[in-house]
Each structure stands twice: as C-alpha cells, then as structure tokens.
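Every value quoted in this text rests on a predicted model; they were computed, and no experiment measured them. Because only heavy atoms are used, hydrogens play no part in the values below, and waters and symmetry mates are left out as well, while side chains stay in.
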Amino acid sequence: MSGAMSMRGIWTLYRHEMARAIRTAGQSIVAPVLTTALYFVVFGSAIGSRMSTVGSVGYGAFIVPGLIMMSVLTQSISNASLAIYFPKFTGTVYEILSAPLGYGETLAAYIGAAATKSIIIGLIILATAFFFVDLHIVHPFAMLGFLVLTSVTFSLLGFIIGVWAGNFEQLGFVPMLIITPLTFLGGAFYSVEMLPEPWRTVTLFNPVVYLISGFRWAFFGHGDVPVLLSIGMTALFMVLAIAAIAWIFRTGYRIKP
C-alpha cells in the first residue's frame with residue numbers, strides 16, 4: 001500500500017510539473033525551435049558554404065547533435081532549477097518536504113518532469129533538423145539513450161542550482177555564463193580534431209566535449225573521443241550530482257529553516 005501511495009505521490013507531483021510546462025509551451029518549445037532554425041540559417045549557410053563537410057559528414061548534418069545537446073543541457077538545468085526554486089521562493093517547499101514522500105520520491109518526480117521536457121524539446125529540434133539537412137542516424141537507440149542520460153544528469157545539476165540560488169540572477173548564472181560557453185567550446189559546431197595543439201588537449205578538460213562526442217557518435221558512428229569514455233564521463237557526472245543532492249537532503253542545505 002505504501003508503495004502504491006508513493007507512486008501516486010510521485011505521479012501527482014510529476015503531472016503538476018508537466019502541466020506547468022504546458023502552460024508555458026510558447027517559451028519552452030517554440031523558442032528553442034526558432035533558435036535552432038536561426039542556427040541552421042546562420043551556421044549552415046554562412047559557414048557551411050565555406051566548409052561543406054567535416055570528415056565524411058556534411059556540415060549542416062554535423063552540427064545537429066551539437067544544436068540538440070546545447071538546447072537539452074540548458075533546458076534541463078533551467079527546468080529543474082525553476083521547479084525547486086519557485087517553491088523555495090513562495091515558501092511552499094516546506095509543504096512538499098512534509099508530504100508523505102521520501103526525498104528519493106520527491107527527487108524522482110522533479111527530475112523526471114524536467115528530463116521529460118528536455119527530451120521532448122530535443123526530439124522536436126531533431127524533427128526540425130530534418131527540414132534543413134539530409135540526416136541519417138546510425139545508432140538511433142544509442143541516440144535516445146544518450147539523450148535520456150544527458151537530460152537526467154543535467155536535470156540533477158539544475159536541481160542543485162535551484163537549491164543553491166538565492167535570486168533569479170544566480171538561477172541563470174550557470175546556464176548562461178558557464179554551460180553555454182562550454183557547449184560552444186566543446187565541439188558543438190566543429191570537431192575537436194580540427195584544433196591545433198595545445199588547444200586540442202586543453203579542450204579535453206571541458207566535460208561537455210564528452211557529452212557532445214558521444215551523442216555525435218550515435219548519429220554518425222564516430223566522435224572526438226571513444227564512446228565508452230563518453231558514457232563513463234556522463235555516468236560520473238550523474239553520480240557526483242546524486243551525491244551532492246544526497247548531501248543537500250541530509251544536511252537541509254538551503255531547503256530547511
């Protein structure tokens with residue numbers, strides 16, 4: 001019975017978060033799609049006309065995994081951080097924490113909803129890409145696996161940011177000033193192999209490189225780093241994020257009076 005009640009509670013909180021996404025569909029869905037279209041127009045036309053292929057892949061198709069990953073990373077963080085920040089801001093977080101749900105169930109609902117929204121946006125951007133380029137996905141199931149794994153991992157990071165943030169400026173600090181630059185410098189629009197030394201080696205210290213490389217491997221069968229290394233690094237980020245959230249719940253950092 002308690003297990004059924006927990007699942008019902010998780011589902012209720014999950015539906016509440018998903019309903020909030022539907023109410024803001026214009027911002028959550030339309031904006032990333034329009035942004036993707038603009039990237040294709042600017043990068044695909046301006047740069048693609050000068051650099052038609054990267055390896056054996058057309059440049060327009062080559063940037064698709066990077067575009068999807070850039071949106072998924074920022075959306076995952078934003079979705080999860082807003083989801084926990086607003087209850088803190090309004091004071092209703094204490095009602096959530098006192099509900100008959102464990103910390104794991106509460107986290108599952110928030111992260112599940114945030115990751116679901118990011119996955120949907122990623123798939124919509126992928127569908128949009130087919131209107132611009134001729135795209136063939138070599139490993140479609142691996143692509144979905146990377147998409148889910150990345151969405152969950154960065155939703156966990158977003159949850160941490162939402163707990164840490166004391167105002168809206170701090171809420172947007174990490175996605176805008178850290179994640180977006182790391183994505184641009186992580187091979188979203190170029191191959192790391194194109195960089196001269198020592199920049200090629202320096203770039204490998206950028207964690208986003210492994211996410212984009214693994215995702216690109218699922219599309220084209222090759223990436224900038226071995227795919228097993230990409231999976232391992234992504235899994236490591238997830239474990240570290242879960243450990244940080246476990247510490248937050250154990251100590252009550254910024255969620256308990």
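Here the straight-line distance linking atom CG of Leu135 with atom CZ of Phe62 works out to 12.5 Å at 0.5 Å rounding. The CE atom of Met143 sits 7.0 Å away from atom CD1 of Ile68, with the distance rounded to the nearest 0.5 Å. Note that CE of Met238 is 6.0 Å distant from CG of Leu156, once rounded to the nearest 0.5 Å. A distance of 11.5 Å separates CG of Leu182 from CZ of Phe184, quoted to the nearest 0.5 Å. Leu211 contributes atom CG, which lies 7.5 Å from atom OG1 of Thr153 (distance to the nearest 0.5 angstrom). Here the CD1 atom belonging to Ile125 is positioned 7.5 Å from the CD atom belonging to Gln75, to the nearest 0.5 angstrom.
The two atoms that bring Ile77 and Pro175 nearest to each other are CG2-CG, 3.5 Å, heavy atoms only. Of all heavy-atom pairs spanning Val133 and Gly60, the tightest one is CG1-C, 3.5 Å. Across Ala244 and Ile160, no two heavy atoms sit closer than the pair CB-CD1, 3.7 Å. Closest of all the heavy-atom pairs between Ser155 and Ala115 is OG-N, 3.4 Å. In plain terms, the two heavy atoms of Pro181 and Met176 that are nearest each other are CD-O, 3.4 Å. In plain terms, the two heavy atoms of Val163 and Ile84 that are nearest each other are N-CG2, 3.8 Å.
Linking Ile, Leu, Val, Met, Phe, Trp and Tyr whenever their side-chain heavy atoms come within less than 4.5 Å puts Leu177 and Leu73 in one cluster. Residues Leu229 and Phe237 fall within the same hydrophobic cluster, defined by Ile, Leu, Val, Met, Phe, Trp and Tyr side chains chained together at heavy-atom separations under 4.5 Å. Hydrophobic clustering of Ile, Leu, Val, Met, Phe, Trp and Tyr side chains at less than 4.5 Å, counting indirect connections, unites Trp217 with Met194. Clustering ILVMFWY residues whenever any of their side-chain heavy atoms sit less than 4.5 angstrom apart, transitively, puts Tyr103 in the very cluster that holds Tyr253. By the rule that hydrophobic residues join a cluster once side-chain heavy atoms approach within less than 4.5 Å of another member, Leu204 and Ile178 end up as members of one cluster.
A donor-acceptor pair under 3.5 Å is formed between the side chain of Tyr59 and the backbone N or O of Phe189. In terms of modelled atom types and a separation under 3.5 Å, the side chain of Tyr110 and the main chain of Ser81 share no donor-acceptor contact. The closest donor-acceptor contact from the side chain of Arg216 to the backbone of Ala188 lies under 3.5 Å. With Arg200 contributing its side chain and Leu195 its backbone, the two residues share a donor-acceptor pair below 3.5 Å. For Ser230 (side chain) and Tyr210 (main-chain N/O), a donor-acceptor pair under 3.5 Å exists by modelled atom type. Side chain of Ser213 to backbone of Val225: a donor-acceptor contact under 3.5 angstrom is found.
Taking 4.5 Å as the limit, every side-chain heavy atom of Ser56 sits out of range of all side-chain heavy atoms of Phe220. For the pair Val72/Ile121, no side-chain contact is recorded, criterion being any heavy-atom separation below 4.5 Å from C-beta on. Looking at heavy atoms from C-beta onward, Leu185 lies out of side-chain contact with Thr203 at the 4.5 angstrom threshold. Within the 4.5 Å cutoff, the side chain of Phe215 has no heavy atoms near those of the Thr150 side chain. Taking the side chain as every heavy atom from C-beta outward, Leu123 and Leu144 approach each other to under 4.5 Å.
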**Message:** Evaluate Thr183 against Met69 for side chain to side chain contact (heavy atoms under 4.5 Å, CB included), listing each step before the verdict.
**Reply:** CA-CA 8 Å; Thr183 304; Met69 193 58 62; 5.6 Å; no

**Message:** Could you go through Phe249 and Ile255, starting from their C-alpha distance and side-chain angles, then the distance that decides it, and tell me whether this counts as side chain to side chain contact (heavy atoms under 4.5 Å, CB included)?
**Reply:** CA-CA 8 Å; Phe249 281 135; Ile255 58 174; 3.7 Å; yes

**Request:** Run the numbers on Val57 and Phe219 for side chain to side chain contact (heavy atoms under 4.5 Å, CB included), then give the verdict.
**Result:** CA-CA 10 Å; Val57 180; Phe219 275 78; over 6 Å; no

**Request:** Could you walk me through whether Phe146 and Ile231 pass side chain to side chain contact (heavy atoms under 4.5 Å, CB included), step by step?
**Result:** CA-CA 8 Å; Phe146 268 108; Ile231 296 173; 3.5 Å; yes

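Shown here is Phe130, whose CZ atom has more than 12 heavy atoms of other residues, nucleotides or ligands within 6.0 Å. More than 12 heavy atoms of other shown residues, nucleotides or ligands fall within 6.0 angstrom of atom CG in Asn167.
Between Phe168 and Tyr85, a ring centre-to-centre spacing shorter than 6.0 Å is recorded.
Evaluated for a side-chain hydrogen bond (donor to acceptor under 3.5 Å, both in side chains) with Ser118, the options Ser71, Ser151, Ser78, Ser76 yield exactly one hit, Ser76.
Using a 3.5 Å distance cut-off with no hydrogens or angles, the side chains of Asp224 and Ser191 do pair a donor with an acceptor.
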